[in-house]
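What follows is one structure encoded as structure tokens, with my remarks underneath.
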Amino acid sequence: MWHMYLPIAGNSVNVITIFGLGGVVGLLSGIFGVGGGFLMTPLLIMIGIPPTVAAASDSNQIVGASTSGTLAHWRLGNVDVKMGLLLLVGGVIGGTGGVQVIKVLRAMGNADFLINITYVLMLGGVGSYMFWESLQGLKQEPETSPSRETAAAAPKKESTYARLLKMLPWQTKFEKSGSEISILLPLVFGTLVGVLAAIMGVGGGFIMVPVMVYLLRMPMHVVVGTSLFQILFTCVNVTIMQSYSNHTVDFVLALLLLAGSTIGAQFGTAVGKKLKGDQLKILLASLVLLVCVKMLAGLLITPDILVALKGGH
Amino acid sequence: MKKIITLLSISFLAFLGMAQVGLAADVDMTITPAAVEISAFYNGTSVMVKGRIPANAEAVVRVSGAGEELHLKKKGKVGGFLWMNTGDVTLENAPNVYMVYTPREITDLDNSPARRLSIPALKDRITVSPASEDKDFIVGEFIKLKKKYALYTINDETVKYGAVINGAKIFKVKVAIPPRMKQGIYKIDLGIVQDGKLTKVISKELKVKLIGFPAQLSKLAFGKPLTHGIMAVLVAIAAGLLMGVIFRGKGGAH
């Protein structure tokens, strides 16, 4: 009774389980501005969805969750459209380049080794820095408002960085983010995140959020809204491309996930609104570190079965 | 009077049974239902396989799917302690489903002949490339993977026997059709094991097909993939907007 058949995945699932999964991931997405693919895709694979279908249907679901989340954040004035669009343009360029890079890496062999190690090191590094930095922020100024003070309070290196930023051409005012920086910055960083996201096969929310906080110096709440706005467009593109070239989008699965995640995203935004910038950052840092530990465990623990279905077929 | 009528009826039925055994071949098999339909709320089902075999024989029933080409990633240790993908292997002629039903443990079952129908026999059927790979190891791990998804199973003590009439006995077995068995044509084989030999194998087809909503959606996804993708995106956006409107309603002045 509570099962539905997924025609593309070729399996049936419990409606309540999928609804719940969607809800939890939507909640995270509304709070932190991440797509949640890092969590959802492995869980879907665990319940028997083929890897390629899991990833593609999840991006379809993220379209709904990020629409819901972006709308909620928009009402709170947390979406910097100009910044989001520039990051997006960079992301598309980087994503296209990343696909080529991965082809070269695969041809050279050892691609998985490089990807895994980079991923673990980066998550570990970013997570630890964010955790430490927001902990300092929370200790020093318990009353601090969700903003850039903590980033600005960082050591001397930061001011050199700030001076460098001012020297770049095409300085533009980003009102929502409350800053004036060169339009090259979001373009370049967007491209870098796009390359990494394509190589690692993830949406990139995890990398984009710290980049916006530390390198683009945006206030945490605006980061969350803008990240969701940007993720929305990325996932629209991925969904259509996956459906068109690989037939891997299972619409029934996406619908069930959507039902949960669009509600979750609304609650997530409400929860995020009540948290301070540093509190948000420390929670996200914990989550990033958790993913890092999970990946490390996957690399260190002997698998039960020493073959796996290839994702691309 | 009633007793006499009952006796007469039984004798008549027994006679009919004898006549059938005498006339038809001594082995037959029927599958009910003959086809499995996958509708929107499908969560797997079962079919009943039954028929007759000689009284002194054993029945082994096997369900197998078409052989397919599969690309697998092989995992191995890198740098002595990190587990990751260390290469690609291709399997050919690997059945997508392989389920064996036996009346008792297959190891007891007159050894080698019945084993020819069982999972270890797959090692002879599947080919592995590149040829330099350790075939026994790769196929062994692949079987583990399929067993995990319940697509390769050995079901001992599931074939049940009924009455013996004139040298023939009835067998029946309930064959589980897991939801992971996709649309397609599957083969059901009945193997007869007699005096330590596999004396006869008869086969029938079982069709598994999508109907209704899943059938239409699958047709759209494969036939018009661009329309399918755009539709999926539009529905997702609409759902997100709808939720936004509903929640604003709640949080508003009312």
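No hydrogens, no waters, no symmetry mates; every other heavy atom, side chains included, goes into these values. Everything numeric in this text was worked out from a predicted model, so none of it was measured.
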At a heavy-atom separation under 4.5 Å, does [X] approach chain A through its side chain, its backbone, both, or neither?
| X | value |
| --- | --- |
| B/L72 | both |
| B/L210 | side chain |
| B/S39 | backbone |
| B/K148 | side chain |
| B/I38 | side chain |

Would you say the side-chain atoms of [X] pair up with the backbone N or O of [Y], donor to acceptor, closer than 3.5 Å?
| X | Y | answer |
| --- | --- | --- |
| A/H247 | B/A221 | yes |
| B/E141 | A/V307 | no |
| A/S243 | B/G229 | yes |

Which answer fits [X], side chain, backbone, both or neither, if we ask what part of it has an atom under 4.5 Å from a heavy atom of chain B?
| X | answer |
| --- | --- |
| A/I263 | both |
| A/A9 | backbone |
| A/L296 | neither |
| A/A308 | both |
| A/L300 | both |
| A/T248 | neither |
| A/I62 | neither |

Over all atoms of both residues, closest heavy-atom pair of B/K144 and A/D304: NZ-O, 3.7 Å

Looking only at heavy atoms, which two atoms of B/R180 and A/G48 are closest? And how far apart? NH2-CA, 3.1 Å

Only pairs of heavy atoms separated by less than 4.5 Å count here; which of A/L6, A/I301, A/L232 has the most with chain B? A/I301

Should B/F213 and A/Y5 be marked as a ring pair (Phe, Tyr, Trp, His ring centres under 6.0 Å) after you check the CA-CA gap, both sets of side-chain angles, and the distance that decides it? CA-CA 10 Å; B/F213 181 63; A/Y5 186 76; over 10 Å; no

Sort out for me which residue in A/T239, A/T67, A/N237, A/V238 forms a side chain to side chain contact (heavy atoms under 4.5 Å, CB included) with B/V233. A/T239

To the closest 0.5 Å, what do you measure between CE (B/M231) and CZ (A/F251)? 4.0 Å

